[in-house]
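As structure tokens, the structure follows; a few thoughts come after it.
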Amino acid sequence: EREALATAQLDHPHVVSAIDSGKLADGSAYLVIQLVRGVSLAKHLDTHGKLAWGTAADLGSQIADALAAAHAIGIVHRDLKPDNILIETRDDGRLHARVVDFGIARVVEETVSASTSGALPLTRMGAILGTPGYMAPEQAVGDAVDARGDLYALGVILWECCVGRRLWQGESVTELVACQLGSTPPTLQQELGGQVSEAFDEVVTSLLNPAPSKRPAAAAPIRDALRRLALIQTAPSTDHSLAQSLPSAPLALPVARLTVTAPVACSPRSTASRFRRPAPTSWSATRWHRVSRTAISCVRPYARHWSAAKC
């Protein structure tokens, strides 16, 4: 019911929406969600290995777009991880990401309704909600969580997509939290060197900052930055082999030539053509032109009558 209420407010291409929910006769709850023909990001990484940083930036921009839509209406996911991201393959080969499982999502209005009704919100029940290794340090210690907690999880996901292993490792939740709070995560440049763009590394590093005040506060700028980086990476490069095969000198193409000759005098074909004159250029020529036209109009009826009588 909690997930249905959260996803019912979201109609987004990168969010798996809930279609129906309710309770069965035995009292158990059910939830009907949108069908996604794909696998989770975690299974995709296990099957195909790590992703190129351009592909990771493209996926990250889609996930950030979904987070921006959720944060805009006051919903914080709080359990973003590769298992809660479903991947579909498009016809052009690109990956399409959809965020799922808003089961422990926090709605802003929840705190207000809980304070008025006297009930404890889900974040005040004394349990740590989230997945160790992906939840932000402030979430792991029980502090208030906002949109910056989801962006921290996004940074962990992008780091693991490029490197191909878990960022934080430990035998228990305590070890994971202590590692997050007491150590600085290695950058992608340190792990992969020149295989990753410096600009992309800077974005991921900013998301992994353990201090919420030093972390990006909104998902929309992160979405735009990752989208630009993905476009730059996937832009078609110049085919230098083809360019080298082209001749350096311009091609000599045949040019059609037109020869202008003097007009050819034609024999008169009719009585009227005998009186045709060039275009008038003076007063006398104009007068002669008018006289000739008058003569033609006078002779033409007799010429027709004569032709009919001859026939």
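We number each residue from 1, following the sequence as shown. Source: prediction; values computed, not measured.
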Please report the closest heavy-atom contact between A97 and Q62, naming both atoms and the distance.
-> N-OE1, 2.7 Å

Between the CG atom in L95 and the SG atom in C161, the distance rounded to the nearest 0.5 Å is 9.5 Å

E198 atom CD: more than 12 heavy-atom contacts under 6.0 Å = no

Would you mind reporting whether H12 and D65 have side-chain heavy atoms less than 4.5 Å apart?
-> yes

So do L207 and P216 actually touch side chain to side chain, heavy atoms under 4.5 Å?
-> yes

Show every donor-acceptor pair shorter than 3.5 Å between a side-chain atom in residues 36-54 and any protein atom, with sequence neighbours excluded, or say none if there are none.
{"unit_1": "S40", "atom_1": "OG", "unit_2": "K43", "atom_2": "N", "d": "3.2"}
{"unit_1": "T47", "atom_1": "OG1", "unit_2": "K43", "atom_2": "O", "d": "2.9"}

Cationic N near anionic O, under 4.0 Å, D150 to R78 | no

Straight-line distance of D83 CG to T131 OG1, nearest 0.5 Å | 7.5 Å

For the hydrophobic clusters of this structure (ILVMFWY residues joined by side-chain heavy atoms under 4.5 Å, transitively), does one cluster hold both V15 and L35?
-> no

Indicate yes or no: at least one non-hydrogen side-chain atom of I87 is less than 4.5 angstrom from one of R98.
-> no

Report yes if the side chains of I85 and V100 come closer than 4.5 Å at any heavy-atom pair, otherwise no.
-> no

Which heavy atom in D201 sits nearest to a heavy atom in L188, and how many Å separate them?
-> OD1-N, 3.1 Å

Close side-chain approach of S17 and I33, heavy atoms under 4.5 Å = no

Qualifying salt bridge (Lys or Arg N to Asp or Glu O under 4.0 Å) pairs, either residue in residues 164-175, two or more places apart | E160-R166, R165-E191

Sidechain N-carboxylate O distance under 4.0 Å for D92, R90 | no

Closest heavy-atom pair, L226 versus A57, reported as atoms and distance to 0.1 Å, is CB-O, 3.6 Å

In terms of side-chain geometry, is the basic nitrogen of R215 or E138 positioned less than 4.0 Å from the acidic oxygen of its partner?
-> yes

Where do T187 and W159 come nearest, in terms of heavy atoms and distance?
-> C-NE1, 4.2 Å

Is the shortest heavy-atom distance from the side chain of L231 to the side chain of D58 under 4.5 Å?
-> no

May I ask you to test the T89-H96 pair for a side-chain heavy-atom distance under 4.5 Å?
-> no

Sequence neighbours left out, what passes side-chain contact (heavy atoms from CB on, under 4.5 Å) with A25? Give chain and number order.
-> none

Less than 4.5 Å apart, any side-chain heavy atom of P137 and any of Y152?
-> yes

